[in-house]
Amino acid sequence: MTTDTPARLLQLLSLLQTPREWPGGELADRLGVSRRTVRRDIDRLRELGYPVQATMGSDGGYRLVAGKAMPPLVLDDEEAVAIAVGLRAGAGHALEGVDEASVRALAKLEQVLPARLRHRVSTLQAATTPLTSGDGASIAPETLTVMASTVAGQERLRFAYRAKDGTESRRLTEPYRLVSTGRRWYLVAYDLDRQDWRTFRVDRVRDPFATGARFAPRELPTGSAAEYLRRSIHGRADARTYEYDVTFEAPAELVAARLPSWLGTPTPDLAHDGDQNGSVNGSSNSNGETREGGCRLRGSTSDPVEWVAVRLAMLGYEFSVREPRELIDCVRELGGRLERAAATKGGSGGEGDRSRG
């Protein structure tokens, strides 16, 4: 029998969070109390915001249903480990949909995990290798959770940082937000040594340390961390956003499976007009027509055209760029460069080692 009321409520809540209906008698037996005590405990949970639904009759019982707000969850050991491992795997690769909120959830969960469960999470993750489609570098989940905790707690953060040119430095910052671009994580923070706002690529951060010193948040110049990051990446406030139009000689579902979501979603396209805009092919389709089963991709981005050209080529399907002119020229130049790189002395292919598939 559980005589401690808070402990009994947690045990009752854990049972109710299992997606089934519990007869009052079964709950009473599980908790070692009377049915009357179960009814009182159910009323206490409702007062705390847990939407417990009761059904009448001989087969009636209690069930936890969806409410207007998200009440605290109670997890058993296996559930806590499963959630922590999943969040760690996603957060470490900046996958689409795993944003700052997910990292905050991971930080909260790991903060209260018992040492034995933290060890299980670390051991399981070390023994597995995730196969991801992310384009960015992987990041230690501990780095993200430390940063997320300092953002939420308005606590100064110290870390070692390696700049693009390889220069190493130590930074003392007031962290503002973590931002995911879908390929990488960035930290937007106020650099106390440089007395200015800065953005930091999280995969270049080492040894993050929460100092414990609190600070009053400063006002970000742009008002939005995402907008500040965009301006920082492209070097100026009026960074150009351009539209692109690309056709593929492959079904839309196959292209979409390999295409990063930040580039958009291809749509089926049976055929299109000839090479009216001077479009250039990713292979040999000189008349600009798309055979049946092809698709078309339209979208806009402010990413460098060089990056978009490489990412399109990496899909492994024949494609044609219709616009913009900058992307057309970039694909043509890239194709020539790759062709020259593959040519051997004398202009013919060599008999190099071939790996077996």
Side-chain angles (χ1 to χ4, degrees), residues 80 83-113 115 117-118 121-122 125-126 130 132 134-164 167-233 262:
I83 291 175
V85 170
L87 288 173
R88 274 173 162 243
H93 292 271
L95 298 179
E96 186 75 16
V98 182
D99 54 13
E100 186 189 350
S102 301
V103 177
R104 290 201 311 270
L106 177 59
K108 290 178 180 178
L109 180 58
E110 294 203 339
Q111 183 179 3
V112 298
L113 278 181
L117 295 186
R118 275 200 297 270
V121 170
S122 299
Q125 189 173 27
T132 66
D135 297 318
S138 61
I139 302 166
E142 293 84 358
T143 298
L144 284 172
T145 54
V146 169
M147 289 184 166
S149 297
T150 57
V151 169
Q154 298 174 5
E155 184 178 350
R156 288 181 177 175
L157 176 69
R158 189 185 299 277
F159 54 85
Y161 191 69
R162 176 179 53 82
K164 183 178 181 180
T167 303
E168 300 277 352
S169 62
R170 298 288 300 180
R171 303 297 182 98
L172 178 62
T173 65
E174 294 178 352
Y176 184 79
R177 287 289 187 278
L178 281 167
V179 181
S180 171
T181 64
R183 299 195 302 273
R184 294 189 178 97
W185 282 102
Y186 289 86
L187 173 70
V188 177
Y190 188 84
D191 192 318
L192 291 169
D193 295 326
R194 289 153 183 80
Q195 294 293 298
D196 200 3
W197 289 92
R198 291 288 190 272
T199 59
F200 302 94
R201 270 180 49 175
V202 177
D203 58 294
R204 294 176 179 168
V205 169
R206 291 187 298 104
D207 306 323
F209 174 73
T211 65
R214 306 288 178 178
F215 65 89
R218 302 170 190 264
E219 184 177 353
L220 192 66
T222 59
S224 163
E227 176 62 16
Y228 184 84
L229 175 63
R230 185 191 71 81
R231 296 185 183 186
S232 175
I233 290 177
W262 56 270

query: Please walk me through it: do R201 and D203 pass salt bridge (charged side-chain N to carboxylate O under 4.0 Å, His left out)?
result: CA-CA 6 Å; R201 270 180 49 175; D203 58 294; 2.8 Å; yes

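- Of all the heavy atoms in W197 and V188, the pair that sits closest is CE3-CG1, 4.3 Å.
- Applying the side-chain hydrogen bond (donor to acceptor under 3.5 Å, both in side chains) criterion to E168, with sequence neighbours excluded, gives R206.
- Considering only residues two or more places apart in sequence or on other chains, S169 meets the side-chain hydrogen bond (donor to acceptor under 3.5 Å, both in side chains) condition with R171.
- Nearest heavy atom pair, residue V151 against residue Y176, reads CG1-O, 3.3 Å.
- For the atom pair F215 CZ and R156 CZ, the distance stands at 8.0 Å (nearest 0.5 Å).
- Under the 3.5 Å distance criterion, the side-chain polar atoms of T211 are left unmatched by any main-chain donor or acceptor of L157.
- In this view, A152 satisfies the side-chain contact (heavy atoms from CB on, under 4.5 Å) rule with no residue, not counting sequence neighbours.
- Proximity of a side-chain donor or acceptor of E227 to a complementary backbone N or O of T222 within less than 3.5 Å is not detected.
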task: Go through the steps to decide whether Y190 and Q195 satisfy the test side chain to side chain contact (heavy atoms under 4.5 Å, CB included), and finish with yes or no.
output: CA-CA 7 Å; Y190 188 84; Q195 294 293 298; 3.7 Å; yes

task: Given side chain to side chain contact (heavy atoms under 4.5 Å, CB included), test V179 with Y228 step by step and report yes or no.
output: CA-CA 10 Å; V179 181; Y228 184 84; over 6 Å; no

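- Put simply, CG on L229 and CZ on R177 are 13.5 Å apart, with the number rounded to the nearest 0.5 Å.
- Of the inter-residue distances, the one linking L192 atom CG with L172 atom CG reads 4.5 Å to the nearest 0.5 angstrom.
- Taken from OG1 in T143 to CZ in R204, the straight-line distance is 15.0 Å, to the nearest 0.5 Å.
- To the nearest 0.5 Å, atoms CG (L178) and CH2 (W185) are separated by 6.0 Å.
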Residue pair R214, E155: steps toward the side chain to side chain contact (heavy atoms under 4.5 Å, CB included) verdict: CA-CA 4 Å; R214 306 288 178 178; E155 184 178 350; 4.0 Å; yes

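- One finds the CZ atom of R194 at 10.5 Å from the OG1 atom of T173 (value rounded to the nearest 0.5 Å).
- Exactly one residue among D207, V146, L187 makes a side chain to side chain contact (heavy atoms under 4.5 Å, CB included) with F159. That residue is L187.
- Pairing each heavy atom of P175 with each of A189, the nearest pair is CA-CB, 3.7 Å.
- Take T199 and apply the side-chain hydrogen bond (donor to acceptor under 3.5 Å, both in side chains) test, not counting sequence neighbours, and it matches S232.
- The salt bridge (charged side-chain N to carboxylate O under 4.0 Å, His left out) search around R218 returns E174, not counting sequence neighbours.
- Considering only residues two or more places apart in sequence or on other chains, Y186 meets the ring-ring contact (aromatic ring centres under 6.0 Å, His included) condition with none of them.
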